[in-house]
Colleague: 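Here it is: the structure, laid out below.
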Amino acid sequence: MEAWKDYVASVKTLPRSVWDSLVRHGAPVTDRSRMETVLQNLFLHIHPTRVHRWSLRWSYSLGLGLICAASFLLLLVTGVLLMFYYKPSTVLAYQSIQDIHYVIPSGRFMRNIHRWGAHIMVVAVILHMARVFYTSSYKKPREMNWVFGLVLLVLTLGLSFSGYLLPWDQLAYWATTIGANIAQSPRELTDALGITPYFDPGGFQKTLLLGSRSVGEEALIRFYVLHIMVLPLLMVVFMGLHFWRIRKDGGLSRPEDADERLGPPGDDALPVFTQAQKKSYGLMAVVRGTSPTVGRGPENTVPAWPHLMTAEAAVFMFTLAITVALSFFFDAPLKEMANPLIPENPAKAPWYFLGLQEIVSFSAFAGGVLLPMLALIGLGLIPYLDREPGGVGYWLGGRDRDKRVFLQSAAFGLAAVIGLEAFAVRFGWLRDWFPGIPQIVITLFNPGTLLTFLYVAYSVWIIRRENSTRLGGIAIFTCLLAGFIILTLIGTYFRGPNWGFYWSPSHWPVH
Amino acid sequence: MSADDRVKEVGRRDLLSLAAWGAFCASLATAMIGMLRLPKPSVLPDPSLKGKVGLPGAIPEEEYRKVPGRNVFVSRSEQGVFAISSVCTHLGCVVAPAPAGFNCPCHGSRFDAMGRVVGGPAPRGLDWLKVTKAPDGELVVDEGETVPPGTYWKV
Ligand code: HEM
Ligand code: FES
């Protein structure tokens with residue numbers, strides 16, 4: 001009878017014992033179990049068990065990195081749903097997108113979310129980078145995580161670009177044709193040197209991207225594989241590295257005097273170590289070197305559960321709400337089916353590439369390969385060339401000098417790009433004055449390269465004038481941002497048929 | 001024994017382990033090369049780029065005819081028949097005939113009637129394509145083979 005009693009008791013407590021075997025640490029009501037909630041869960045344990053209160057300030061991180069991650073998650077889920085119906089073939093692709101858009105239940109909604117999520121992710125990644133830059137958060141020991149961040153930026157743009165082809169409509173076809181030919185544009189240089197038959201990196205890149213001479217079946221499959229497999233995998237790997245490094249670098253950056261500035265924790269923060277611990281988790285053991293937490297008590301940290309988790313959930317809900325609202329009111333575009341014989345006019349890339357398209361309209365190689373590469377390398381070198389300590393954890397170092405240089409650089413950056421563009425729009429460029437001019441001259445000397453030169457020269461001047469590399473960094477980064485914004489606006493709103501300049505689309509010639 | 005001595009002495013085991021790691025890296029590299037060869041096709045899968053464009057007499061003089069379904073313009077002048085590619089040399093859009101020659105819709109490159117660049121970002125003039133005659137008397141244009149500008153097929 002003993003066995004029977006045990007059996008009945010086991011049946012009665014069945015739900016309880018299954019739950020307890022899943023979550024072994026009990027409800028997160030003690031400091032220890034709150035910590036274990038995070039530590040013992042595969043999905044949560046990428047988080048620290050305690051976070052500094054500074055890291056939770058909205059005005060500091062603006063939640064932008066989290067918005068990137070949240071929109072990526074949205075894109076993963078909606079992307080998998082779209083894959084149920086999408087067919088990567090030149091004959092069926094367009095049709096299947098039409099089906100998704102017009103026939104399949106929730107299809108249009110999921111497609112819209114996928115589209116808007118991509119836009120939001122790009123915006124958030126750029127803003128996140130700006131946040132990290134202006135709070136000096138790339139400084140030691142976070143140099144490499146800044147570089148990982150740049151890889152994430154490139155992957156984000158790569159995902160957007162590879163996804164753009166998949167609907168196989170006119171927009172997709174011509175944007176990809178232009179993109180593939182940008183990959184081929186090193187030929188502009190090798191042609192000028194007369195070495196293309198022997199050394200042709202441009203042609204190699206294009207063949208690798210398209211698998212053939214022009215955008216067709218091979219290209220579509222390649223872009224599909226990149227879009228659904230290769231790039232998302234790389235993205236997950238680098239996001240993992242990125243998050244891991246944030247923890248290994250001692251959490252988010254914060255000012256040296258963060259503790260004093262924050263004051264004692266408020267009533268909403270759960271107190272520290274309410275229960276004596278049964279086991280000591282070496283909280284500081286993972287942090288090395290000069291991190292501000294070493295040698296201090298955990299006074300200003302709070303348990304990640306619930307503080308960080310609720311913050312993350314809030315950011316996720318915010319991202320979801322915005323994406324869903326946009327998707328409800330605005331449909332993702334779908335033009336006519338791709339036609340290799342008639343280009344779109346104007347043929348525009350997605351908006352975040354229109355700044356590039358604007359300088360590509362002077363020289364394919366300079367605008368599409370040379371300057372973007374220089375910009376990326378320059379950004380990657382920032383943490384290694386500006387090693388000035390101090391100012392970390394404040395917006396613009398919390399110093400008036402930084403704010404002044406920021407405003408001056410913004411003014412200079414805007415003036416330079418607007419001036420050069422206005423000149424080129426009004427008077428044309430070298431080819432219009434000297435039709436016979438060798439291309440290499442234009443490749444090296446065009447509004448894009450000139451602008452870059454001005455920006456670099458300006459920041460070098462700032463380094464010398466202000467005797468500070470950080471201020472030089474602020475100068476170049478701000479100029480770059482200003483240039484990017486203005487060129488993108490011009491490409492988006494002021495370029496019409498034949499890439500002519502128009503004050504508004506209502507002035508476009510009808511044809 | 002100082003640290004320096006230890007560095008200098010490469011023992012038999014060190015050498016063996018070095019060789020082993022070398023073999024490891026070499027086999028990995030070989031495998032990588034094998035894999036990296038795959039994405040670059042040795043034969044491009046495009047359809048044939050040659051196409052008939054009609055009998056020599058049917059080609060218009062001093063004006064361009066767009067060959068239907070192909071990115072080719074054909075025309076005839078005193079020197080003979082010639083074919084110009086309609087693919088812009090900037091970034092591959094398709095140019096359209098304009099009063100003074102050709103215009104590209106994508107970034108505004110302009111070409112004169114002989115395909116020479118007169119404005120915009122195109123690095124060179126439009127490609128001239130090879131014209132040959134098929135046994136049945138029709139002319140054939142090969143989009144895959146460019147010829148120096150000014151090369152005519154003598155009528
Ligand atoms: C897919 C793109 C990205 C994702 C999902 C992502 C995610 C995150 C998250 C969640 C954080 C925590 C703090 C915060 O929310 O701001 C963070 C911090 C950081 N990110 Fe990113 N990030 C991305 C791209 C970038 C880029 C483009 C850069 C810079 C080039 C960058 C550099 C950094 C650095 C240096 C930190 C540490 C900041 C600090 O300690 O204050 N990340 N990232
Ligand atoms: S593709 Fe013709 S001008 Fe750019």
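Naming convention: chains lettered A, B, ... in sequence-line order (proteins, then strands); numbering from 1 in each chain.
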Colleague: Rounded to the nearest 0.5 Å, how far apart are CG of A:Asp191 and CZ of A:Phe365?
Modeller: 11.5 Å
Colleague: Measure A:Pro438 against the heavy atoms of chain B and call it side chain, backbone, both or neither at under 4.5 Å.
Modeller: neither
Colleague: Where does B:Arg70 contact chain A at under 4.5 Å (heavy atoms): side chain, backbone, both or neither?
Modeller: backbone
Colleague: Report which part of B:Ala96 has an atom under 4.5 Å of a heavy atom belonging to chain A: side chain, backbone, both, or neither.
Modeller: neither
Colleague: Measure from the ring center of B:Tyr64 to the ring center of B:Phe102 and say whether it is less than 6.0 Å.
Modeller: yes
Colleague: Under a 4.5 Å cutoff for heavy-atom pairs, which residue among A:Ser212, A:Gly179, A:Ala180 has the most contacts with chain B?
Modeller: A:Ser212
Colleague: Do other residues, nucleotides or ligands put more than 12 heavy atoms under 6.0 Å from A:Ile342 CD1?
Modeller: no
Colleague: Would you say A:Asp200's side chain and A:Thr196's backbone share a donor-acceptor pair under 3.5 angstrom?
Modeller: no
Colleague: Are the side chains of A:Phe204 and B:Lys40 in touch, meaning some heavy atoms are under 4.5 Å apart?
Modeller: yes
Colleague: Using a cut-off of under 4.5 Å for heavy-atom pairs, which of A:Glu344, A:Arg495, A:Arg222 has the most such pairs with chain B?
Modeller: A:Arg222
Colleague: What option among A:Leu210, A:Asn446, A:Leu341 has the most heavy-atom pairs under 4.5 Å with chain B?
Modeller: A:Leu341
Colleague: Contact part of A:Gln357 toward chain B, heavy-atom cut-off under 4.5 Å: side chain, backbone, both or neither?
Modeller: both
Colleague: Between B:Trp153 and B:Thr132, is a side chain to side chain contact (heavy atoms under 4.5 Å, CB included) present by the stated rule, with each step listed?
Modeller: CA-CA 7 Å; B:Trp153 184 83; B:Thr132 48; 5.7 Å; no
Colleague: Under the 3.5 angstrom rule, does the side chain of A:Arg431 hit a backbone N or O of B:Ala122 as a donor-acceptor pair?
Modeller: yes
Colleague: Given the side-chain rings of A:Phe501 and A:Trp503, with only the six-membered ring counted for Trp, is the space between their centroids under 6.0 Å?
Modeller: yes
Colleague: Using heavy-atom distances under 4.5 Å, tell me whether A:Ile178 contacts chain B through its side chain, its backbone, both, or neither.
Modeller: both
Colleague: Using heavy-atom distances under 4.5 Å, tell me whether B:Cys104 contacts chain A through its side chain, its backbone, both, or neither.
Modeller: backbone
Colleague: Specify which of A:Thr177, A:Ile442, A:Leu430 makes the most heavy-atom pairs with chain B at under 4.5 Å.
Modeller: A:Thr177
Colleague: Of all of A:Gly216, A:Ser363, A:Pro346, A:Gly211, which one pairs up most often with chain B through heavy atoms under 4.5 Å apart?
Modeller: A:Gly211
Colleague: As an exercise: rank A:Ser361, A:Ala192, A:Ser214, A:Ala364 by heavy-atom pairs under 4.5 Å with chain B and give me the winner.
Modeller: A:Ser361
Colleague: Which one of B:Asn103, B:Leu91, B:Val94, B:Val87 has the most heavy-atom pairs closer than 4.5 Å to chain A?
Modeller: B:Leu91
Colleague: Relative to chain B, which segment of A:Trp174 carries a heavy atom at a distance below 4.5 Å: side chain, backbone, both, or neither?
Modeller: side chain
Colleague: Step through it carefully: locate the ring centre of B:Tyr152, locate the ring centre of B:Trp128, and say whether they are under 6.0 Å apart.
Modeller: yes
